[in-house]
Amino acid sequence: MLLVLCGSVLAAGLIVSGTPGTTAALLLVFVLLAGVNSPLIFPRSTGALEAQRRSAVDGRPVVFWRPGCKYCIRLRIRLGRSARQVHWVDIWRDPAGAAAARAANDGNETVRTVIVAGQPHSNPDPAWVREQLSRST
């Protein structure tokens, strides 16, 4: 929201100076940046403990992610509609999620970290994650 607001303020200033083409391009860049950094493009995040509990019941992968991570966005896009079946944990909103990501990655908060059947996988290929998801359903 802050990125869109800043872009709007800059765009308003450019409109006053009489450069509508630049204004539109600048506003588009800010909207795209806001979208990429927004948790709204991801399915609703849950807490790490709840995600791991649900995963133990249904066998679906748990993905630890953070807003703005290009690898997380790539995974989300490549999973398509099936992304809603994965348990997503935003490590910036859940301290337990950040701790779980660090525990799986030698103290680093490496995202995307995917937990399948209790085993962590750092930066797995999206096709592999999709395959694991199809095995769990």
Could you go through the side chain to side chain contact (heavy atoms under 4.5 Å, CB included) check for Arg76 and Trp65 one step at a time?
-> CA-CA 10 Å; Arg76 167 61 183 98; Trp65 71 285; over 6 Å; no
Before giving the answer on side chain to side chain donor-acceptor pair (under 3.5 Å), spell out for Thr113 and Asn105 the whole-Å C-alpha distance, their side-chain angles and the decisive distance to 0.1 Å.
-> CA-CA 8 Å; Thr113 297; Asn105 295 295; 2.8 Å; yes
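- Without hydrogens or angle criteria, Asp125 side chain to Ala127 main chain gives a donor-acceptor distance under 3.5 Å.
- Residue Leu79 is not grouped with residue Val89 when hydrophobic side chains (ILVMFWY) are merged at heavy-atom distances under 4.5 angstrom, including chains of intermediate members.
- Rounded to the nearest 0.5 angstrom, Arg66 CZ and Asp90 CG are separated by 10.0 Å.
- With Thr46 as reference, Arg54 is the one residue of Arg54, Gln52, Arg53 to meet the side chain to side chain contact (heavy atoms under 4.5 Å, CB included) rule.
- Across Pro120 and Gly118, no two heavy atoms sit closer than the pair CD-O, 3.7 Å.
- One N or O on the side chain of Arg112 and one on the backbone of Pro124 form a donor-acceptor pair closer than 3.5 Å.
- A pairwise comparison of heavy atoms in His87 and Ala51 identifies CB-CB, 3.8 Å as the closest pair.
- Test Trp92, Trp88, Phe64 against Ser45 for side chain to side chain contact (heavy atoms under 4.5 Å, CB included) and you get one pass: Trp88.
- Separating the SG atom in Cys72 from the CD1 atom in Ile77 is a distance of 11.5 Å, to the nearest 0.5 Å.
- Linking Ile, Leu, Val, Met, Phe, Trp and Tyr whenever their side-chain heavy atoms come within less than 4.5 Å puts Val116 and Val129 in one cluster.
- Clustering ILVMFWY residues whenever any of their side-chain heavy atoms sit less than 4.5 angstrom apart, transitively, puts Leu133 in a cluster other than the one holding Val62.
- Using a distance-only test at 3.5 Å, with no hydrogens or angles considered, no donor-acceptor pair links the side chain of Asp94 to the main chain of Gly47.
- With rounding to the nearest 0.5 angstrom, the SG atom of Cys69 is 7.5 Å from the CG atom of Asn123.
- The cluster map of Ile, Leu, Val, Met, Phe, Trp and Tyr, joined by side-chain heavy atoms under 4.5 Å apart, puts Trp128 and Val63 in the same cluster.
- To the nearest 0.5 Å, atom CG of residue Leu75 and atom CZ of residue Arg130 are 9.0 Å apart.
- Hydrophobic clustering, with ILVMFWY side chains joined whenever heavy atoms are under 4.5 angstrom apart, groups Val86 together with Val114.
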